[in-house]
Amino acid sequence: MTFIPEPEYKQLIKKMPIFCGDFLIFAEKKYLLIKRKVQPVKDVYWVIGGRLRHNETMTQLAERVMVQEIGRSFTDFKIIGFSNYIFPDVPDARATHTPTLLHIVPVKKMFEPKIDNKHTDYIWSDKLPEEMLKQTTWL
């Protein structure tokens, strides 16, 4: 898979939307959210997700971001919404306009994720992030 060099990518994210997939893990009537270290939504508990790479399927994206962000992946998921996030253009933001397919990922029980170095914490919550609720169209 060919990647865009970082300087070129930084220019692109200022000029065009970056398409993403989010995966809302749900167990025992609670959602798994991880606290972000990076923009956008720095220091906010957010859903697992990331940008779709060239020639990558949604299943491949799901496995890649789940393993990276929480140390494991789940293959049972379905689309529940579409978000058209437009975040403030702040320094070091990886993307400010991210159209996103939101997927629900039901799991049998809550677990302790192994979060990566781009996140600082996690919670199992019965509430979703306010910005997510504001910018999502539910199917």
- Message: Using a 3.5 Å distance criterion without hydrogens, assess whether the side chain of Thr59 forms a donor-acceptor pair with backbone atoms of Thr57.
- Response: no
- Rounded distance [0.5 Å steps], OG1 in Thr100 versus CZ in Phe82: 7.0 Å
Distance-only donor-acceptor hits, side chain of residues 20-34, under 3.5 Å, sequence neighbours excluded:
| residue | atom | partner | partner atom | Å |
| --- | --- | --- | --- | --- |
| Glu28 | OE2 | Met110 | N | 3.0 |

- Item | Hydrophobic cluster membership, Phe77 vs Ile79, 4.5 Å side-chain cutoff | yes
Please report, to 0.1 Å, the donor-acceptor pairs under 3.5 Å made by any side chain of residues 128-139, with sequence neighbours excluded.
| residue | atom | partner | partner atom | Å |
| --- | --- | --- | --- | --- |
| Glu131 | OE1 | Lys134 | NZ | 3.4 |
| Glu131 | OE2 | Gln135 | NE2 | 2.3 |
| Gln135 | OE1 | Ile86 | N | 2.8 |
| Thr136 | OG1 | Ser83 | OG | 2.6 |
| Thr136 | OG1 | Met132 | O | 2.5 |

- Query: Quick one: side chain to side chain donor-acceptor pair (under 3.5 Å) pairs with a partner in residues 40-50, sequence neighbours left out?
  - Reply: Tyr45-Asp121
- Hey, does Asp76 have a side-chain heavy atom less than 4.5 Å from the side chain of Pro106? yes
- Message: Test: side chain to side chain donor-acceptor pair (under 3.5 Å). Region: residues 106-117. Which pairs qualify, not counting sequence neighbours?
- Response: Asp116-His119
- Query: Among the clusters formed by ILVMFWY side chains lying less than 4.5 Å apart, do Ile48 and Phe111 turn up in the same one?
  - Reply: yes
- Task: Treating Ile, Leu, Val, Met, Phe, Trp and Tyr as nodes and any side-chain heavy-atom pair under 4.5 angstrom as an edge, say whether Phe19 and Val41 lie in one connected cluster.
- Result: no
- Kindly work out whether a path of hydrophobic side-chain contacts (I/L/V/M/F/W/Y, heavy atoms less than 4.5 Å apart) joins Phe74 to Leu101. yes
Give the table of side-chain donor-acceptor pairs shorter than 3.5 Å for residues 61-72, with sequence neighbours excluded, one pair per line with atom names and distance.
| residue | atom | partner | partner atom | Å |
| --- | --- | --- | --- | --- |
| Arg64 | NE | Glu56 | OE2 | 2.8 |
| Arg64 | NH2 | Arg51 | O | 2.8 |
| Arg64 | NH2 | Glu56 | OE1 | 3.0 |
| Glu69 | OE1 | Gly49 | N | 3.2 |

- Item | Spacing of NZ belonging to Lys35 relative to OG1 belonging to Thr120, to within rounding of 0.5 Å | 5.0 Å
- Message: Do Leu52 and Ile80 land in one hydrophobic cluster if side-chain heavy atoms of ILVMFWY residues count as linked below 4.5 Å?
- Response: no
- Nearest heavy-atom neighbours spanning Tyr85 and Phe87: CB-CE1, 3.3 Å
- Message: So, using side-chain hydrogen bond (donor to acceptor under 3.5 Å, both in side chains) as the criterion, who are the partners of Ser125 when residues are at least two apart?
- Response: none
- Could you state the interatomic distance from NE2 (His97) to CG (Asn84), rounded to the nearest 0.5 Å? 3.5 Å
